K.L.:
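I am attaching a structure below and will ask some questions about it afterwards.
Values reported hereafter were calculated over all heavy atoms of this structure, with side chains retained and with hydrogens, waters and symmetry mates removed. If you're wondering where the values come from, they're calculated on a predicted model, not measured in any experiment. Per chain, numbering begins at 1; letters A, B, ... match sequence-line order.
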Amino acid sequence: MPKLVWLIGGEAGFGIREAGVIFAKACSRAGYNVFGHVEYPSLIRGGHNIYQVSVDDEVFCQSRQINLLVALNAETIERHAKELTENGAIIYDSDAVSGASHENNIRSYPIPLSALAKESGGKDIVRNMVAIGASLSYAGLDFSFLEAVLKDEFRGKGQEIVSINLIAARKGYEHASDNFRDDFKFQIKARKMSSNRLVLTGNDAIGIGAIKAGCKFFAGYPMTPISALIHFMSAHAKEFGIVFRNASDEIEAINMAIGASYAGARSMTATSGGGFSLMVEAYGMAGMTETPVVIVEGTRTGPSTGLPTWTEQGDLRFVLHASQGEFPRIVAAPGDASECYYNTVEVFNLSEKYQVPAIILVDRHLAESHMSAEKFKTGERIPGHILKQEQLKRMENYRRFSFSETGISPRSVPGMQGGLFIANSYEHDEYGFYSEDPETVRKMKEKRMRKMESLIDEIPEPVLHGSEDADITLVAWGSTKLPALQAIRMLAKEGIKANLLQIIYMWPFKAERIEKILRNARQTLIAENNQTGQLAGLIREKTGIDIPNKLLKYDGRQFYAEEIADKVKQVLGER
Amino acid sequence: MKIEDFDLGTQARWCPGCADFNIWVTVRQALIELNIQPHELLAVYGIGCHGHMANMLKCYGFESLHGRSLPVAFGAKLANRNLNVIAVAGDGDCYGEGMSHFINTARTNADIALIVHNNMVYGLTTGQASPTSAKGYKSKVTPDGVFDVPVNPIALAISAGATFVSRAFAGNIPHLKQMIAEAIKHRGFALVDVLQPCITYNKINTYEFYYKRVYRLQDENFDTGDKMKAMEKAFEWGDRIPIGIFYREERETYEESFPQLKEKSLFEQGISNVNVDRLMEEFV
């Protein structure tokens, strides 16, 4: 279990998530890695919300047990006191909650959160800041880490707001220091600060990646879990010369993105499975007209409206096969915040170079969880793949969809002289004219699909995390990578050697390397956040290998590392 | 420039005598009048008989999906505001499948001219009733006649916020050309709803039907700046059918509301070296 696991709970509208992110950042600035996990129902007010922060030298995922619980209401204690480890502690609002249990050596720290919030001159919501201040004191960290975060977080909201929040946090910190100093058993000490560490979600990282990749047009319709990405792009549009369109629906969003891309702007849209269902016909049109476009699909628990605010990896097969007919496409599923950044840049470049639609597939757990990441290396130059006017002038008899050797045909955009063509959703000839001629139809289909041959060589190989020499090879994708990595470390402490095959590019599929790793493995186990083992099925289809051990979870929750570790032990025990 | 400059020399795919030919001729006449070069024009089509124009009109073309010409055109206009963008659509296409785009794009006042081939029937799928078919119209899918009332594109466009709302009749070529030229010239979202007889399937709304009823609003000195009067006129449909400009106003276009588009279009902005380091500061 990580050194410190902190959890804050209360109703929606109590500022739970905000408090969680601030606490996570303060711990990060104190030199630790953090993982911030949010749970909330599909409601704006009321309902039970929590935010959990795991803090350690190295931490990849949410934790099953906690040692410091902050209860802004009585329900939080009822639901979460049982998750506390021995010697764990409960901070609760003595103004709102009557008392806390004392089983298992659980300590309770009543703090008049409401009264202190009032004394700070703030509204009742700043209870959350009082609670964070107190938490930091128990955790044994200097107030300066929190002070710095608060100044940065609230700077945009004016000096008065900064000051109220600082006073509230300080009151909580001092109250805790005065009353229960050194009572808490899970103190962490600040370590040498690294200025190279970020705390961010998959959504945040995709947004930064998109802007870096030269995304100039973004259209989207809000939907959990990618609304935060939409907000991010909207907030930074003006500054980076991007046009953001708050679309009327997902159909408009993707068709606009395709239109903008056709006219020469790198374009993106984002949605969840339900919205992507509406986008499917246009996804096929992008394939047929060879128009690049990047689509973020953030999955939640399906089918249908399902559980809007909970996680699942149930849309892999959907995005691989969506739309009628056959056309080349790219599907990438990053597994952590860093990969969200680097894969987004990569996918934008590949989508434009190969003139194919591309999907970045993330799950709710990855899209909305905060995690530590090294600062991104952002110096890369972004190549452009659209013809220049001078190049076009030198070309005779320009054919936009020429039957080139690689299948990639030089691309003009409207406004250029000598580059006229029709982007045609009908099957077409090299100029884009409608054609039913069987020879042309066959050659055009082959030209489009030929692009996959060089594309598959250009995408990176799947990653094997850990030593080649292992008792068991885990297979995971998307955010399931995170608990799998944590499980590997847990198992190592028990002398079990496990490694992890992580598959990011689902299409095209690097079957050769994957097959080699799996054939060489002593034992294999695949963990997926879905009911039918969609990646396991894809691996079997592409390599002929049936992974016998499948750990599938489909209750809306991502795996805990313990669940994967236990399954490994069970599989190895059966050997 | 001459009309052939916009001619791809391809074989027309319309029924001999189809009113779509008239629209094709007048679009080219209007472009010549406005002195627009083929490479400066983007025409986006939906799917339907109208869409065959994609294979005949020489310019940048995008034959999109049924109902989706407007969002594709809108995205392209935002990416390159220097382009002249027209959307060519049909009644099933634009007033049925793509109705929400029709209303929502009109609201934006994006600088797009929308030309709708309104023949009040699904031509390409062999003559089923369309959203503009008259109540009582009998077809393969409405053996007892259409039960619902037809959509009123003129009234919808006015109420949705279009800044140029007009109707033309494909049998009056000079007037049709004038409406198309005015619509392209108009700065903002412009509709030309073209009454276009389908000689193969629609035996009700024929050339004769319109010749007897159509009159020009400009002949009656109609005030095109009065929204309520325009709305009233939009509901005139019977012995007399008005054609011409119902409503016109000047309003900021969608693309003009972005300060980031003042100097350069999106297409002209560099992407090779965007500095995102300051974005990371939010996440420390």
Side-chain angles (χ1 to χ4, degrees), chain A residues 25 29 152 195 197-200 204 208 211-214 216-217 219 236-238 240-243 245 248-249 251-252 255-267 281-282 285 289 375-376 378 381-384 413-426 432-434, chain B residues 8 10 13 37-42 44 47 51-52 54-55 58-68 70-80 82-83 100-101 103-105 107 255 258-261 264-277 279-284:
Chain A
K25 283 183 173 176
R29 290 196 193 195
D152 287 346
S195 57
R197 206 183 280 105
L198 306 171
V199 177
L200 77 179
D204 299 328
I208 300 173
I211 294 174
K212 170 62 201 174
K216 290 292 157 199
F217 181 83
H236 295 289
K238 224 180 287 175
F240 286 94
I242 295 164
V243 165
R245 164 74 177 164
S248 316
D249 55 44
I251 301 175
E252 181 191 289
N255 280 283
M256 285 189 72
I258 290 169
S261 173
Y262 163 77
R266 286 195 174 192
S267 300
E281 60 164 9
M285 178 173 76
T289 60
K375 266 192 182 166
F376 309 135
T378 59
R381 270 187 85 77
I382 302 296
V413 295
M416 287 182 168
Q417 290 185 41
L420 296 186
F421 72 99
I422 308 166
N424 207 333
S425 73
Y426 284 98
F433 293 129
Y434 177 50
Chain B
L8 283 164
T10 43
R13 294 166 191 275
Q37 305 287 319
H39 73 275
E40 299 167 339
L41 177 71
L42 167 61
V44 185
I47 299 295
H52 294 326
N55 299 291
K58 189 174 173 184
C59 64
Y60 280 95
F62 197 129
E63 172 125 33
S64 69
L65 299 169
H66 191 53
R68 312 297 174 214
L70 279 174
V72 172
F74 186 17
K77 182 71 191 178
L78 289 174
N80 189 351
N82 305 320
L83 292 172
S100 70
H101 306 308
I103 292 170
N104 286 310
T105 317
R107 288 168 56 212
E255 48 283 12
F258 291 95
Q260 56 267 51
L261 292 182
K264 283 180 182 171
S265 73
L266 292 182
F267 171 58
E268 291 160 322
Q269 300 196 21
I271 60 163
S272 66
N273 204 9
V274 179
N275 186 342
V276 293
D277 288 349
L279 285 176
M280 284 191 283
E281 286 165 20
E282 277 181 44
F283 303 104
V284 176

K.L.:
Side chain from CB out, backbone as N, CA, C, O: work out which of these in A:Met285 comes under 4.5 Å of a heavy atom of chain B, or both, or neither.
P.N.:
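The answer is the side chain of A:Met285.
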K.L.:
Is the distance between the ring centroids of A:Phe421 and B:Phe62 less than 6.0 Å?
P.N.:
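A:Phe421 vs B:Phe62: aromatic centres not under 6.0 Å.
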K.L.:
Under 4.0 Å between a side-chain nitrogen and a carboxylate oxygen: does that hold for A:Arg245 and A:Glu252?
P.N.:
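Between A:Glu252 and A:Arg245 there is a salt bridge, with a charged N closer than 4.0 Å to a carboxylate O.
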K.L.:
Non-hydrogen atoms of chain A under 4.5 Å away: do they reach the side chain of B:Glu255, the backbone, both or neither?
P.N.:
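Interface part for B:Glu255: neither.
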K.L.:
Specify which of A:Ala260, A:Gly214, A:Pro383 makes the most heavy-atom pairs with chain B at under 4.5 Å.
P.N.:
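Top option by heavy-atom pairs under 4.5 Å: A:Ala260.
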K.L.:
Judged by modelled atom types alone, do B:Glu63 and B:His52 share a side-chain donor-acceptor pair under 3.5 Å?
P.N.:
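B:Glu63 vs B:His52: no donor-acceptor pair found between side chains.
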K.L.:
Tell me, do B:Tyr60 and B:Glu40 make a side-chain contact under 4.5 Å, heavy atoms counted?
P.N.:
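No, every pair of side-chain atoms sits at 4.5 Å or beyond.
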K.L.:
Find the one option among B:Asn273, B:Asn275, B:Leu83, B:Ile271 whose heavy-atom pairs under 4.5 Å with chain A are most numerous.
P.N.:
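The answer is B:Ile271.
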K.L.:
B:Ser100 versus chain A, heavy atoms under 4.5 Å apart: side chain, backbone, both or neither?
P.N.:
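Side chain of B:Ser100 only, per the 4.5 Å heavy-atom cut-off to chain A.
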K.L.:
Quick one: what part of A:Arg266 sits under 4.5 Å from any heavy atom of chain B, side chain, backbone, both or neither?
P.N.:
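Answer is side chain: those atoms of A:Arg266 sit under 4.5 Å from chain B.
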K.L.:
What distance separates A:Ile211 CD1 from A:Lys216 NZ, expressed to the nearest 0.5 Å?
P.N.:
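One finds 8.5 Å between CD1 of A:Ile211 and NZ of A:Lys216.
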K.L.:
Measuring heavy-atom distances to chain B, does A:Ala219 have an atom under 4.5 Å in its side chain, in its backbone, in both, or in neither?
P.N.:
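It is neither, since no heavy atom gets under 4.5 Å.
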K.L.:
Check whether A:Asp152 gets within reach of chain B through its side chain, its backbone, both or neither, counting any heavy atom under 4.5 Å.
P.N.:
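For A:Asp152, no heavy atom lies under 4.5 Å from chain B.
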K.L.:
Going by distance alone, is a donor N or O of one side chain under 3.5 Å from an acceptor N or O of the other, for B:Asp277 and A:Thr378?
P.N.:
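There is such a pair (donor and acceptor under 3.5 Å, judged by atom type) between the side chains of B:Asp277 and A:Thr378.
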K.L.:
I need the residue from B:Val72, B:Ile47, B:Leu42, B:Leu78 with the largest number of non-hydrogen atom pairs under 4.5 Å to chain A.
P.N.:
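Among B:Val72, B:Ile47, B:Leu42, B:Leu78, the one with the most close pairs to chain A is B:Val72.
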K.L.:
Does any backbone or side-chain atom of A:Lys212 lie under 4.5 Å from a heavy atom of chain B? Answer side chain, backbone, both or neither.
P.N.:
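Both backbone and side chain of A:Lys212 come within 4.5 Å of chain B.
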K.L.:
Tell me, for B:Leu70 versus chain A, whether the close heavy atoms (under 4.5 Å) come from the side chain, the backbone, both or neither.
P.N.:
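No part of B:Leu70 comes within 4.5 Å of chain A.
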K.L.:
Which atoms of A:Ile242 come close to chain B, meaning under 4.5 Å heavy atom to heavy atom: side chain ones, backbone ones, both, or neither?
P.N.:
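When you check distances to chain B, only backbone atoms of A:Ile242 fall under 4.5 Å.
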K.L.:
Tell me, out of B:Glu268, B:His39, B:Arg107, who's got the most heavy-atom pairs with chain A below 4.5 Å.
P.N.:
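With the most close heavy-atom pairs to chain A, the winner is B:His39.
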K.L.:
Side chain from CB out, backbone as N, CA, C, O: work out which of these in B:Asn82 comes under 4.5 Å of a heavy atom of chain A, or both, or neither.
P.N.:
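Interface part for B:Asn82: neither.
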K.L.:
Where on B:Pro259 is there a heavy atom nearer than 4.5 Å to chain A: the side chain, the backbone, both, or neither?
P.N.:
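Contact with chain A: side chain only.
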K.L.:
Chain B heavy atoms under 4.5 Å from A:Ser267: which part of the residue, side chain, backbone, both or neither?
P.N.:
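A:Ser267 has no heavy atom closer than 4.5 Å to chain B.
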K.L.:
In Å and rounded to the nearest 0.5 Å, what is the CE to CD1 distance from B:Met280 to A:Ile208?
P.N.:
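Result: 6.5 Å between the selected atoms.
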K.L.:
With only heavy atoms counted, which part of B:Leu266 is less than 4.5 Å from chain A, the side chain, the backbone, both or neither?
P.N.:
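Both backbone and side chain.
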K.L.:
Which atoms of A:Tyr434 come close to chain B, meaning under 4.5 Å heavy atom to heavy atom: side chain ones, backbone ones, both, or neither?
P.N.:
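Contact with chain B: backbone and side chain both.
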K.L.:
Heavy-atom distances under 4.5 Å only: say whether B:Phe74 touches chain A with side chain, backbone, both or neither.
P.N.:
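Interface part for B:Phe74: both.
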K.L.:
Please look at B:Leu261 and chain A and tell me whether the side chain, the backbone, both or neither of the residue comes under 4.5 angstrom of a heavy atom of that chain.
P.N.:
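Answer is side chain: those atoms of B:Leu261 sit under 4.5 Å from chain A.
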K.L.:
At a heavy-atom distance under 4.5 Å, which candidate from B:Lys58, B:Glu282, B:Lys77 has the highest pair count against chain A?
P.N.:
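Option with the greatest count: B:Glu282.
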